[in-house]
Amino acid sequence: MTSPAAGKQNAGKLTLSRALNEGLRKAMENDPKVLVMGEDVGRLGGVFRVTDGLQKDFGEDRVIDTPLAESGIVGTAIGLALRGYRPVCEIQFDGFVFPAFDQIVSQLAKMSYRSAGHVRLPVVVRIPFGGGIGAVEHHSESPEALFAHIAGLRVVACGDPADGYAMIQQAISCDDPVIFFEPKRRYWDKTDVDLAGGVAAALPIDTARTLVTGTDVTLLCYGPMVRTCVEAAVAAQEEGKSIEVIDLRSLSPLDTETIFASVRKTGRCVVVHEAAVTGGIGGEIAARVSQECFYHLEAPVLRAGGYTTPYPPSRIEDHYLPDLDRVLDVVDRAFGY
Amino acid sequence: MTSPAAGKQNAGKLTLSRALNEGLRKAMENDPKVLVMGEDVGRLGGVFRVTDGLQKDFGEDRVIDTPLAESGIVGTAIGLALRGYRPVCEIQFDGFVFPAFDQIVSQLAKMSYRSAGHVRLPVVVRIPFGGGIGAVEHHSESPEALFAHIAGLRVVACGDPADGYAMIQQAISCDDPVIFFEPKRRYWDKTDVDLAGGVAAALPIDTARTLVTGTDVTLLCYGPMVRTCVEAAVAAQEEGKSIEVIDLRSLSPLDTETIFASVRKTGRCVVVHEAAVTGGIGGEIAARVSQECFYHLEAPVLRAGGYTTPYPPSRIEDHYLPDLDRVLDVVDRAFGY
Amino acid sequence: MAVKAAGQAASPSRSHDEPPPTPQLIQLLTPEGERAEHPDYPLDLTPDEIKALYRDLILVRRIDFEAIALQRQGELGIWASLLGQEAAQVGSGRALGPRDMAFPTYREHGVAWCRGLDPAKLLELFRGVSHGGWDPKAHNFHLYTIVIGAQTLHATGYAMGIQRDGALGEDGEAAIVYFGDGATSQGDVNEAFIWASVTNAPVVFFCQNNQWAISEPLDRQTRIPLYHRARGFGFPGIRVDGNDVFACLAVTRQAMQAAREGQGPTLIEAFTYRMGAHTTTDDPTRYRLSAELESWKLKDPIERVKQYLIRSGMAQESFFTGVSAEADEVGIRIRKACLEMPDPDPLSMFDHIYAEPSGLLEEERAQLAAYLSSFVSEEAAR
Amino acid sequence: MAVKAAGQAASPSRSHDEPPPTPQLIQLLTPEGERAEHPDYPLDLTPDEIKALYRDLILVRRIDFEAIALQRQGELGIWASLLGQEAAQVGSGRALGPRDMAFPTYREHGVAWCRGLDPAKLLELFRGVSHGGWDPKAHNFHLYTIVIGAQTLHATGYAMGIQRDGALGEDGEAAIVYFGDGATSQGDVNEAFIWASVTNAPVVFFCQNNQWAISEPLDRQTRIPLYHRARGFGFPGIRVDGNDVFACLAVTRQAMQAAREGQGPTLIEAFTYRMGAHTTTDDPTRYRLSAELESWKLKDPIERVKQYLIRSGMAQESFFTGVSAEADEVGIRIRKACLEMPDPDPLSMFDHIYAEPSGLLEEERAQLAAYLSSFVSEEAAR
Ligand SMILES: Cc1ncc(C[n+]2csc(CCOP(=O)(O)OP(=O)(O)O)c2C)c(N)n1
Ligand SMILES: Cc1ncc(C[n+]2csc(CCOP(=O)(O)OP(=O)(O)O)c2C)c(N)n1
Ligand SMILES: [Mg+2]
Ligand SMILES: [Mg+2]
């Protein structure tokens with residue numbers, strides 16, 4: 001078993017928030033067409049400080065504090081992209097992306113198709129997502145499945161600082177619209193980030209990453225659940241269970257090749273996300289795995305995730321969110337077949 | 001095998017559009033708090049004539065031609081519901097519900113929870129959905145999975161006139177918000193509708209309906225695919241295959257009891273919808289069926305539906321939409337395991 | 001029942017603000033074909049320029065007629081007629097420079113014509129052969145946008161791009177965006193007003209107030225004249241006679257030049273009338289009176305130019321027959337183009353969704369290909 | 001780089017409309033505590049009424065302080081302070097009749113107080129014990145709405161319900177909706193303006209312009225005074241000194257009565273200042289200058305009432321100490337209530353989602369219950 005937590009030095013350790021900031025900075029340096037826009041991204045540097053210092057260094061024309069309206073943010077970003085810019089929009093919290101839903105679903109996602117490929121919209125929509133930070137309503141949502149159902153969008157989630165640093169740059173240089181989910185409760189997690197190394201060498205943005213190799217069960221996760229699942233694998237190993245942990249990274253398109261290969265090897269699969277299980281991405285994965293690995297599965301694909309409720313008040317959110325114990329519990333159930 | 005097409009008389013035959021109209025009329029007669037609102041629902045009677053004549057009979061205060069803005073329609077409907085009304089909103093076409101997405105997802109769905117049950121929002125959002133009518137972009141979408149992922153909403157789809165007539169009344173009398181999908185290409189299909197019989201005797205709105213009983217494979221469908229699947233069952237019978245067709249009717253919550261019972265009997269399951277397979281409701285169903293019927297399944301749950309593309313230009317939509325042949329093709333594949 | 005009628009004005013004593021002035025309509029050519037002057041909008045056109053405008057008007061009306069006929073014959077799925085709105089579209093369309101960018105709705109066939117887009121491309125969309133599919137950069141004419149109001153934000157963002165490119169100034173660039181009276185109720189349109197105002201973006205909001213949003217009359221969208229909306233956002237709003245091609249040209253020219261020179265946005269309300277049905281599937285007799293239509297017939301945008309040309313002696317009968325013949329030719333040409341339009345290859349469904357190929361889509365494409373060829377082989381086997 | 005600064009006015013020659021008048025601020029009590037008169041807003045208050053307003057102001061400020069302290073001590077997850085906005089909230093809140101309905105944002109603790117809602121209910125929300133959970137009908141005070149602007153449509157719809165109930169007239173009802181300067185940029189707010197205007201709905205739009213939307217100054221949302229926005233929609237807009245409780249009371253009273261009597265909507269811009277951080281997690285030193293804050297301190301909404309009460313001899317020292325003591329009591333009471341607030345039962349997560357029980361939710365509830373009790377039994381086994 002290899003764990004990414006192994007062999008780290010303190011040197012070059014960055015928080016996810018800072019790593020994303022460095023990634024944005026690099027992208028802006030490399031390409032004058034890259035813009036950052038959203039609410040409070042300027043002087044404040046964003047409520048999570050992901051855009052900290054960028055306005056100071058790149059000016060108000062490249063780092064734009066917008067009026068307070070999400071449809072306007074995405075809609076004008078589309079216009080800027082039509083003019084040759086590469087806007088990176090920040091949606092302040094997951095729950096506030098819905099006013100922009102129409103622009104994302106009916107315009108951003110479809111313009112390339114509508115124009116028979118004459119128009120590409122290299123727009124990135126950054127969304128801090130997920131719970132676990134003790135917030136009030138609308139600040140802990142996990143709406144990624146809603147976007148993964150929409151053809152024309154790429155939907156990705158980063159899981160740690162090193163990946164955040166590379167993936168945000170890849171998203172910006174991608175000619176397709178990318179919905180970029182950032183696990184907000186992991187913003188202050190630190191890992192090594194190689195700022196010197198180019199992103200050319202980094203894993204492609206649409207490829208899943210096997211974080212822990214194992215033989216008994218495949219654990220699929222992304223975003224905030226990556227750390228939880230790696231911890232679960234460590235804990236399970238003590239009980240003699242060998243879990244393979246895969247960070248999906250790209251939720252649309254899915255890297256089914258990596259997923260199927262793993263499940264064919266382990267014979268068991270558990271999908272974990274914070275989003276409600278009902279209607280979540282786990283369903284899509286379960287359906288595909290069940291079909292493609294039908295003769296390999298020793299247990300049905302199981303899912304761990306939020307319940308079929310609105311996100312609850314924060315004092316009980318720990319019961320809503322899958323944690324180490326809940327993940328292990330579902331893994332145990334997979335062994336019960 | 002019993003088919004609903006059997007034993008019909010011409011007397012009492014109504015189109016789906018007309019049956020919904022009669023259902024709305026009945027609901028408005030029974031309860032003065034019921035309102036109808038939307039774009040062009042008044043004098044025009046809606047672009048599909050579902051609200052035909054209602055403004056004439058119930059006045060402009062109960063049948064409201066609204067300004068052209070979907071967020072405003074749903075948002076003011078919420079306010080009217082807070083004041084004790086029961087608004088039925090019409091969204092003119094599926095593709096135009098997205099400007100209202102925020103009001104639906106963050107307000108309509110969550111108000112009961114937010115208020116600890118002090119507030120109920122008996123709002124119905126009617127959405128003509130699906131393709132097959134040769135329309136331009138945005139007029140053929142099937143966005144139901146996006147709503148089925150949202151706790152607090154009920155999501156239903158009617159499949160024929162008799163059901164439409166009863167279900168719209170049930171939706172209106174339900175104290176929860178209901179997203180009510182109407183298969184637009186079936187608006188002009190006719191069946192018997194018993195206008196005299198009360199809806200009390202009708203099948204509950206959250207219950208699936210077995211339209212054709214069969215033994216070899218369970219075919220799950222809803223909305224526009226109901227007719228297609230019944231036709232497929234008839235065709236398959238000629239080839240000696242016995243298909244059980246279930247009209248799901250309620251997409252959230254799902255009537256899993258009926259589904260599981262059928263699949264445990266047949267051992268095979270195919271889900272059919274017009275919406276893109278990727279991220280569609282079929283995934284959720286496949287995941288649940290795979291888990292709950294694991295030892296009964298002789299083949300993986302298969303899905304027939306739209307491709308992972310935006311809805312294509314209408315001249316090739318017949319290739320995008322599952323039809324009789326595609327459904328039978330997938331059924332065949334289910335027998336191939 | 002105490003619901004007050006819409007459009008009822010607030011009692012003046014409550015308005016702590018001067019009441020809006022009575023609507024002023026900029027007009028440079030009367031319905032009778034007489035030239036009018038307006039101090040703010042001097043307009044000098046050569047006879048050739050006026051004839052060119054007339055030709056545009058005739059040709060776009062002819063294109064529209066042909067498309068309606070094609071729809072009736074089952075060759076198009078639907079058509080949104082511009083009948084009655086030719087002057088608003090040609091006047092504004094001809095006010096644009098080649099480097100300006102226009103963002104249309106689904107009804108701007110006249111603007112498309114002025115930008116040089118082949119009308120056959122429009123037919124493709126309404127036939128169901130494509131969702132548009134043209135290159136917006138080829139003629140600086142964006143794709144048709146069907147979701148009401150969405151394009152106003154695109155235009156505003158594009159205009160912010162013009163600012164960032166440093167392309168302002170006397171020779172600068174600007175964007176123009178078209179939308180209807182109904183669209184003014186959409187959140188997006190109002191957000192576009194805010195963005196444009198706050199960023200002082202070089203964008204002209206061109207609202208064709210054709211009095212109807214499908215079956216809904218104007219009073220469902222506003223209780224004051226639409227051009228006053230701009231006052232609430234802090235930029236100028238102007239109402240122009242939308243059936244007067246001269247006035248539409250002059251007003252749009254000025255607003256575009258102001259935008260190019262960094263003076264920010266303008267809202268133009270072109271006061272006009274939708275003479276036909278909303279689209280070919282609509283039946284306006286269900287919701288509006290023919291008297292209204294009759295009264296607007298007297299304000300026809302083409303007839304007044306013809307009268308002016310005749311009275312001023314600028315054009316002879318031969319000119320009119322020439323244009324008419326040219327219109328016939330255009331009609332024949334686009335009809336032919338329409339009838340010859342092949343259905344798309346079903347497998348093209350999977351094209352152009354992403355810049356990079358996607359494994360899943362390639363798989364689905366292969367699936368559909370195999371499925372389709374299974375029929376071919378079945379048929380071959382017979 | 002040619003991007004023009006925001007807020008730049010359009011050149012007057014382009015404005016085909018009279019320029020907006022210089023902003024007028026309705027004020028009935030100066031920062032120095034002197035009574036001013038305004039012809040349109042006569043206001044006769046008894047000494048007891050003025051003292052009651054003073055008490056409200058002190059108490060709501062005290063509730064706010066206590067909540068900030070509780071947050072600092074980890075008892076609340078977050079708190080949105082109303083510091084500086086007490087007059088706007090108390091003045092407007094006290095202008096409401098019991099049957100009027102108020103729709104707040106997340107910052108209307110002063111309005112909540114005026115409506116009679118127990119402040120402990122507010123703490124529940126910010127503690128994370130509930131999402132609000134009060135009954136809006138109990139005090140005609142709707143739930144806090146966090147999604148910016150969404151509630152403006154709810155208020156407008158509610159007002160349409162008032163019309164339909166025939167509840168207009170001298171004794172009629174009206175709705176009032178609160179929102180901030182930032183919120184005016186949201187599509188929803190502008191759609192609410194349109195709906196209210198077109199339907200002439202009895203709703204008052206009460207915008208607390210506290211100059212900031214988190215870190216964004218007003219000029220990111222508008223380039224003209226916000227109350228002028230209403231001009232674009234055809235109903236009156238008024239700017240009132242939001243730190244003047246008398247003026248806020250008088251202006252809101254009049255607008256509410258006009259709404260009740262069927263005269264339609266009004267936009268009130270209460271010109272005020274957010275003295276504290278946006279919320280307890282915000283750090284305003286990152287984006288604004290302390291000089292601005294200092295200048296607004298001189299306009300404190302409470303101090304001026306105190307000065308007025310003292311100078312006019314309406315209140316003695318004993319009154320002020322009495323109110324202060326009462327404030328301490330309220331502080332202690334809500335602190336105690338907060339500390340005693342139990343965490344919700346985890347299984348309550350499944351309550352109140354639907355009116356009717358759902359099989360799936362009951363299953364999930366049972367699953368969680370079993371899961372939780374597995375820990376209990378594990379522990380018991382040890
Ligand atoms: C968001 C959205 N809602 C509804 C529709 C359906 N629809 C198409 S055109 C139309 C009326 C538009 O009226 P207006 O803006 O005045 O433009 P016109 O058609 O008169 O040119 C409506 C409601 C749509 N296309 N988009
Ligand atoms: C739709 C939406 N977008 C973003 C936010 C995050 N947010 C919360 S408060 C706020 C600023 C609001 O400013 P304003 O309307 O002036 O009200 P204030 O907080 O100053 O009272 C923002 C951006 C939100 N709550 N809702
Ligand atoms: Mg119109
Ligand atoms: Mg503010």
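Values reported hereafter were calculated over all heavy atoms of this structure, with side chains retained and with hydrogens, waters and symmetry mates removed. Just so we're clear, the structure is a prediction, and the values are computed from it rather than from any experiment. Labels below follow one simple rule: chain letters A, B, ... track the order of the sequence lines, proteins then strands, and each chain is numbered from 1.
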Inset, instruction - Show your reasoning for whether side chain to side chain contact (heavy atoms under 4.5 Å, CB included) applies to D:His154 and B:Arg83. - result: CA-CA 10 Å; D:His154 307 161; B:Arg83 179 80 193 181; over 6 Å; no
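- With respect to D:Glu356 and B:Arg120, no salt bridge is recorded, no charged nitrogen being found less than 4.0 Å from a carboxylate O.
- Along residues 102-112 of chain B, the residues that come nearer than 4.5 angstrom to chain D, judged on non-hydrogen atoms, are B:Asp102, B:Gln103, B:Ser106, B:Gln107, B:Met111, B:Ser112 in order of number.
- At a 4.5 Å heavy-atom cutoff, the contact between D:Ile353 and chain B is made by backbone and side-chain atoms alike.
- For CD of D:Gln367, the number of neighbouring non-hydrogen atoms (other residues, nucleotides, ligands) closer than 6.0 Å is greater than 12.
- For B:Ser250, no part sits under 4.5 Å from any heavy atom of chain D, backbone or side chain.
- A 6.0 Å sphere centred on CD of B:Glu60 holds no more than 12 heavy atoms belonging to other residues, nucleotides or ligands.
- When the candidates B:Ile73, B:Val74, B:Thr256 are compared by the number of heavy-atom contacts under 4.5 Å with chain D, B:Ile73 comes out ahead.
- Heavy atoms only, all atoms of each residue included: B:Leu80 and D:Gly161 are closest at CD2-N, 3.4 Å.
- For the set B:Pro122, B:Gly152, B:Gly117, the count of heavy-atom pairs under 4.5 angstrom toward chain D peaks at B:Gly152.
- Comparing D:Leu125, D:Thr156, D:Leu361, D:Val147 by how many heavy-atom pairs each has under 4.5 Å with chain B, the most go to D:Val147.
- Taking the side chain as every heavy atom from C-beta outward, B:Arg114 and D:Trp134 never approach each other to under 4.5 Å.
- Note: B:Ser115 OG to D:Leu143 CG = 5.5 Å, rounded to the nearest 0.5 Å.
- If you measure heavy-atom distances from B:Ala77 to chain D, you find no contacts under 4.5 Å at all.
- Using a 4.5 Å heavy-atom threshold, the side chains of D:Trp195 and B:Thr66 count as touching.
- Side-chain contact between B:Pro67 and D:Glu191 is absent, with no heavy atoms from C-beta onward closer than 4.5 Å.
- Side-chain contact annotation: B:Asp206 with D:Tyr354, donor-acceptor N/O pair under 3.5 Å absent.
- Between D:Arg164 and B:Ile64, some side-chain heavy-atom pair lies under the 4.5 Å cut-off.
- Per-residue heavy-atom pair counts under 4.5 Å with chain B were compared for D:Lys137, D:Gln151, D:His142, and the maximum is reached by D:His142.
- Neither the backbone nor the side chain of D:Glu124 comes within contact range of chain B; no heavy atoms are under 4.5 Å apart.
- A distance of 12.0 Å separates CD1 of D:Ile194 from OG1 of B:Thr76, quoted to the nearest 0.5 Å.
- In this structure, the portion of D:Tyr144 lying under 4.5 Å from any heavy atom of chain B is its backbone and not its side chain.
- At least one donor-acceptor pair under 3.5 Å links the side chain of B:His118 to the backbone N or O of D:Gly133.
- Of the atoms belonging to D:Ala155, not a single heavy atom falls under 4.5 Å from chain B.
- With chain D as partner, the option from B:Leu153, B:Asp255, B:Leu35, B:Leu254 having the largest number of non-hydrogen pairs under 4.5 angstrom is B:Leu153.
- With a 4.5 angstrom heavy-atom cutoff, D:Thr152 does not touch chain B via any of its atoms.
- Here the side chain of B:Asp175 pairs no donor or acceptor atom with the backbone of D:Ala355 at under 3.5 angstrom.
- No donor-acceptor distance shorter than 3.5 angstrom exists from the side chain of D:Tyr158 to the backbone of B:Ile78, with no hydrogens or angles considered.
- Both the backbone and the side chain of D:Asp135 come within less than 4.5 Å of a heavy atom in chain B.
- You'll find the side chain of D:Asp165 reaches within 4.5 Å of the side chain of B:Tyr85, heavy atoms only.
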